Each structure stands twice: as structure tokens, then as C-alpha cells.
Amino acid sequence: MTQYDYLIVGAGLFGSVFAHEAAKAGKRLKVIEKREHIAGNIYTEEVEGIQVHKYGAHIFHTSDPKIWDYVQQFAEFNHYVNSPIANYKGEIYNLPFNMNTFNKLWGVVTPEQAQAKIEEQKQVLKGKKPENLEEQAISLVGTDIYEKLIKGYTQKQWGQACDQLPAFIIRRLPVRLTYDNNYFNDKYQGIPIGGYTAMVEKMLDHELIDVETGVDFFANKEHYLADFPRIVYTGMIDEYFDYCLGELEYRSLRFESEVLDTDNYQGNAVVNYTDAETPYTRVIEHKHFDFGRQAKTIITKEYSKQWEPGDEPYYPVNNDRNNELYKQYAEMAAQTNQVIFGGRLGHYRYYDMHQVIAAALQCVRKELDNHSSGI
Ligand code: FAD
Ligand code: UDP
């Protein structure tokens with residue numbers, strides 16, 4: 001018999017928050033992670049004195065003071081505010097869509113003028129309720145912005161035409177009639193000083209937690225199921241069930257990083273390339289997340305691609321077909337009493353970090369309430 005109370009599959013944010021809280025309550029846990037490092041997709045690595053976001057730009061944001069307080073115990077956050085810019089065939093626009101964007105595009109100066117322009121352009125919808133991303137985008141910002149800043153980027157990002165995609169994806173972005181380039185509406189925002197990996201390291205630093213990296217759950221699934229009384233699984237839910245009901249779709253990414261012998265390459269942390277022809281979606285210049293003053297810089301080009309076995313599944317594709325299939329897997333999961341499914345892949349949900357933390361805290365509290373005997 002194992003001496004552990006839990007096996008945690010995946011040392012990402014969900015698994016690490018769960019492990020931290022359960023250990024604090026006296027539970028003994030083993031965490032296995034198939035990559036060679038902890039922290040999942042928020043992993044950062046120091047190169048040339050710069051914290052490199054290895055799996056894409058990560059900006060922490062939340063409006064929930066409890067979640068903001070929670071993360072402060074593991075890291076000090078800087079005052080970075082995300083203000084990406086869009087490059088459309090050499091023309092530069094501010095994001096998210098706001099008065100700076102409208103002014104540059106249409107020459108309008110007042111919110112009333114911008115609103116009138118959007119109203120005029122959304123007439124192409126003839127009052128129809130938006131049912132897909134294309135209609136939703138046009139109804140929010142009109143046809144010009146849709147054509148220049150949304151259509152090409154979205155098609156590259158998701159590999160599908162905008163009229164085939166769910167409307168909620170574009171509703172993630174604020175639309176503002178103010179001159180405010182903050183990408184998020186949240187009360188709190190920042191990036192952990194010293195990187196996300198150090199933050200997750202602190203979560204997992206407990207005498208009751210053992211971590212093993214480079215270990216795949218599926219190499220020994222039956223043995224783990226036999227040995228551990230409870231398992232928290234944060235990998236792909238369809239993979240757990242051996243794809244028995246069919247495959248869920250994911251989007252994957254490819255990152256190309258370069259060290260450049262210049263101190264400032266693009267003048268901003270994030271530049272989105274919104275035309276259809278540029279093969280990458282965005283270029284990240286990592287030092288700007290930390291106001292870095294190093295002599296060199298590191299940039300990463302992000303390419304989107306269809307997920308295939310062996311790729312990292314970065315994004316769930318939450319269209320009707322996949323959501324329906326996920327529901328069936330979730331029903332199977334509910335019957336699997338020994339295993340708790342969690343995180344972006346276990347819940348097949350387009351979660352941001354604060355939502356993953358909230359979900360993990362809720363899950364671990366419920367779990368500890370239900371299994372409190374023996375502490
Ligand atoms: P993951 O980080 O995916 O962790 C799951 C872990 O399980 C992985 O490390 C995986 O290797 C491991 N695993 C899977 N299967 C197995 C197995 N069989 N055996 C062992 N281990 C296994 N959120 C924000 O709030 N702000 C942002 O700016 C932001 N930007 C993002 C940019 C990109 C490009 C992406 C992809 C996501 C972004 N997110 C952002 C979302 C954020 O990354 C997630 O919310 C968060 O990392 C999810 O944590 P998780 O633990 O659920 O999943
Ligand atoms: N989007 C866009 N143009 C942009 C930025 C975003 O059309 O310049 C759309 C695109 O469909 C994207 C969605 O808005 O998938 C959500 O953007 P976000 O920046 O939240 O995506 P993430 O950082 O999660 O990849």
C-alpha cells in the first residue's frame with residue numbers, strides 16, 4: 001500500500017494549488033508531471049537575465065480580491081498592464097478596441113462619433129442576433145475592425161472561418177468608448193517578479209508533497225489506479241478515457257524564439273499580426289513584461305496549428321460539437337469515483353489562470369470536506 005493520500009497528475013496551476021491546499025490540511029501527495037519541469041503552461045525560464053514565457057505570454061488578472069490575495073503568498077507581482085498592439089500590414093492599432101483604435105481607423109474623436117460609426121457598419125447584420133464569432137464581432141465593432149483586426153487573426157488562431165466559431169471567444173475582449181488601452185477590465189493585474197515557475201515552486205514546496213517530472217500517467221495507469229486511493233487528473237479528459245467516445249478538438253501552438261543583439265526590438269511586450277498572410281499570430285518580446293533593461297532581447301513568434309497526437313493541447317475548441325462530446329465524457333468522469341478531473345484540459349474549458357485557481361480551491365475544499373476523516 002502506498003503511503004500517499006493523493007496522486008496529482010500534472011504540475012500545472014490546477015494540480016499545484018490542489019496539492020498545496022491538501023498538504024496544508026495534512027494530506028500526503030505525489031505529483032507526477034510528464035514534461036521535464038513543473039508549472040505547466042505558465043512555465044517561465046530565465047535566459048540572458050530575462051524571464052521567458054515558454055508557452056506564450058501570461059498576464060495574471062482577476063477582479064476577485066480573494067484570488068489576488070491568494071497568489072500574493074507565493075509571489076510579489078509587478079505593475080505590468082497588458083496593452084498589446086495590432087500590426088495590420090504595417091499599420092499599427094491599439095488593442096483592445098477602444099477610442100485610440102477608432103480614432104486611428106476612422107479619425108473620429110468623440111465616443112458619440114465612434115458609436116455612430118459602429119452603428120452604421122453593423123447595419124449589415126439587419127438586426128439579426130449574433131450567432132457566431134463573425135456576427136458577434138461586427139455587432140460589437142463594425143465591419144472595418146472585423147476585416148482588419150479580427151478576421152485574419154482569428155482564422156489563423158483557430159484554423160476555421162469566423163462564421164464557424166462560437167461568439168463567446170471574441171467577447172473575451174473589452175470594447176471601450178474611452179481612450180484606455182488596458183487589455184483587461186479586471187481590478188488587479190500583474191506578473192510575478194522572478195517568474196511563474198518560482199511561484200509554482202513555492203506552492204509545491206511542502207514536506208508532504210513529492211514531485212516527479214518526466215513521468216507520464218499513461219505509462220502506468222493501472223498501477224496508479226491500484227496504488228492511490230484518490231487521483232486528481234489535469235490532463236486531457238478524452239485521453240483519460242482512451243478516446244472511447246471520439247476525439248475532442250484542441251488547438252496547438254509552435255513557438256520560435258530568438259535572442260537578438262538589440263535592447264528593444266518592437267517597443268511592446270505583445271504585437272499581434274492580424275492579417276491572414278503573416279504566418280504567425282503574435283510576437284512576444286519578453287523583457288517588456290518586466291520593464292527589463294538588459295542589453296539583449298528575446299522574442300518569440302507564436303504559430304497556431306491543429307493539435308495532433310504528441311503536440312501540446314493548448315486550447316480547447318469549445319464549439320457545439322466538442323461541448324456536446326465533452327458533456328458525455330464529463331458524465332463518465334462523474335461515475336469514476338476515484339478520480340477528480342480538473343483544469344483547462346480536465347474540464348475542457350478556456351480557463352484563464354484566476355479561473356483555474358478558483359476552480360482548484362473550490363475542488364480541494366469540497367474534497368477535504370468529504371474526505372476529512374483521518375487527518
Ligand atoms: P496546464 O498548465 O496545461 O497543466 C496541466 C499539466 O498536466 C501539464 O503540465 C501537462 O504536461 C500535465 N499532464 C497532462 N497529461 C499528463 C499525463 N498523462 N501525465 C503526467 N502529466 C500530464 N491565462 C491568463 O490568466 N492570462 C494569460 O495571459 C494567459 N495567456 C495564455 C496564453 C497561452 C498561449 C495559453 C495556451 C494559455 C494562456 N492562459 C492565460 C491560460 C493559462 O495557461 C491556463 O489557465 C493555466 O495554465 C491552466 O493550468 P492547468 O493546470 O489547468 O493546465
Ligand atoms: N482576437 C482578434 N484579434 C486580436 C486579438 C484577439 O481577433 O488582435 C480574437 C481572436 O479570435 C482570439 C480572441 O479574440 O482568439 C481572444 O483573444 P485573447 O487575446 O483573449 O486570446 P488568448 O490570449 O487566449 O490566445
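Order of listing sets the numbers, starting from 1, for every ligand and every atom in it. Quick note: numbers below take in every heavy atom, side chains included, and nothing from hydrogens, waters or symmetry partners. Values in this document were obtained by computation on a predicted structure and should not be read as measured data.
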For ligand 2, which atoms sit closer than 4.0 Å to a heavy atom of [X]?
| X | result |
| --- | --- |
| Ile169 | 11 (O), 13 (C), 15 (O), 16 (C) |
| Leu173 | 1 (N), 6 (C), 14 (O), 17 (O), 20 (O) |
| Tyr315 | 22 (P), 24 (O), 25 (O) |
| Ile150 | 7 (O) |
| Tyr350 | 21 (O), 22 (P), 24 (O), 25 (O) |
| Ile170 | 9 (C), 14 (O) |

Could you find the nearest protein heavy atom to [atom] and give me its residue, atom name and distance?
| atom | result |
| --- | --- |
| atom 21 (N) of ligand 1 | Lys34 N, 3.1 Å |
| atom 3 (N) of ligand 2 | Leu149 O, 2.8 Å |
| atom 1 (N) of ligand 2 | Tyr153 CD2, 3.7 Å |
| atom 52 (O) of ligand 1 | Arg344 N, 2.8 Å |
| atom 45 (O) of ligand 1 | Tyr351 O, 2.8 Å |
| atom 31 (C) of ligand 1 | His58 NE2, 3.3 Å |
| atom 17 (C) of ligand 1 | Asp216 OD1, 3.5 Å |
| atom 15 (O) of ligand 2 | Trp158 NE1, 2.9 Å |
| atom 8 (O) of ligand 2 | Asn272 ND2, 2.9 Å |
| atom 1 (P) of ligand 1 | Asn41 N, 4.1 Å |
| atom 28 (O) of ligand 1 | Ile59 N, 2.8 Å |
| atom 20 (O) of ligand 2 | Arg172 NE, 2.9 Å |
| atom 30 (N) of ligand 1 | Ala57 O, 2.9 Å |

Close-contact set for ligand 1 against [X] heavy atoms, below 4.0 Å:
| X | result |
| --- | --- |
| Val215 | 19 (N), 20 (C) |
| Leu253 | 34 (C) |
| Leu13 | 49 (O), 51 (O) |
| Gly343 | 52 (O) |
| Gly40 | 2 (O), 9 (O) |
| Tyr315 | 33 (C), 34 (C) |
| Ile42 | 47 (O) |
| Thr234 | 5 (C), 6 (C), 7 (O) |

(message) Under 4.0 Å and counting heavy atoms only, is there anything from the protein next to atom 3 (O) of ligand 1?
(response) yes
Using atom types as modelled and distance alone, determine if a side-chain donor or acceptor of [X] lies under 3.5 Å from a backbone N or O of [Y].
| X | Y | result |
| --- | --- | --- |
| Gln72 | Trp68 | yes |
| Thr110 | Gln113 | yes |
| His53 | His286 | no |

Residue selection (non-hydrogen contact nearest [atom]) among [options]:
| atom | options | value |
| --- | --- | --- |
| atom 10 (C) of ligand 1 | Met353, Glu36, Glu33, Gln189 | Glu33 |
| atom 18 (P) of ligand 2 | Tyr93, Tyr273, Tyr314, Tyr183 | Tyr183 |
| atom 11 (O) of ligand 2 | Val270, Ile85, Thr274, Thr154 | Thr154 |

(message) Using a 4.0 Å heavy-atom cut-off, which part of Arg282 comes near ligand 2: side chain, backbone, both, or neither?
(response)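 Looking at Arg282 and ligand 2, just side chain atoms fall under 4.0 Å.
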(request) Find out whether the Lys NZ or Arg CZ of Arg254 is both under 6.0 angstrom from the six-membered ring centre of Tyr280 and within 45° of the ring's axis. (result)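 The answer is no; the distance or angle limit is not met.
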(request) Is it possible for you to check whether Arg172 lies under 6.0 Å from the centre of the six-membered ring of Tyr350, through NZ or CZ, and within 45° of that ring's axis? (result) yes
(request) Determine, for Lys122 against Glu119, whether the closest basic-nitrogen to carboxylate-oxygen distance falls under 4.0 angstrom. (result) yes
(message) Any carboxylate oxygen within less than 4.0 angstrom of a Lys/Arg side-chain nitrogen, looking at Glu21 and Lys27?
(response)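 Between Lys27 and Glu21 there is no salt bridge, as every charged N stays at least 4.0 Å from the carboxylate O atoms.
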Taking the six-membered ring for Trp, are [X] and [Y] parallel (under 30°), tilted (30 to 60°) or perpendicular (over 60°)?
| X | Y | result |
| --- | --- | --- |
| Tyr243 | Trp307 | tilted |
| Tyr240 | Phe217 | parallel |
| Phe184 | His61 | parallel |
| Tyr348 | Tyr326 | parallel |

Are [X] and [Y] close enough that a side-chain donor and a side-chain acceptor fall under 3.5 Å?
| X | Y | value |
| --- | --- | --- |
| Ser63 | Asp186 | yes |
| Asn264 | Arg293 | no |
| Gln121 | Thr143 | yes |
| Gln136 | Arg171 | yes |
| Glu45 | Tyr43 | yes |
| Asn98 | Asp180 | no |
| Tyr80 | Gln189 | no |
| Glu285 | Thr297 | yes |
| Asp210 | Tyr4 | yes |

(message) So, regarding Asp352 and ligand 1 (criterion: nitrogen or oxygen to nitrogen or oxygen, under 3.5 Å), is there a contact or not?
(response) yes
(message) Between ligand 1 and Arg282, is the shortest N or O to N or O distance under 3.5 Å?
(response) no
(message) Below 3.5 Å, N or O to N or O, backbone or side chain included: is there any such pair between Leu95 and ligand 2?
(response) no
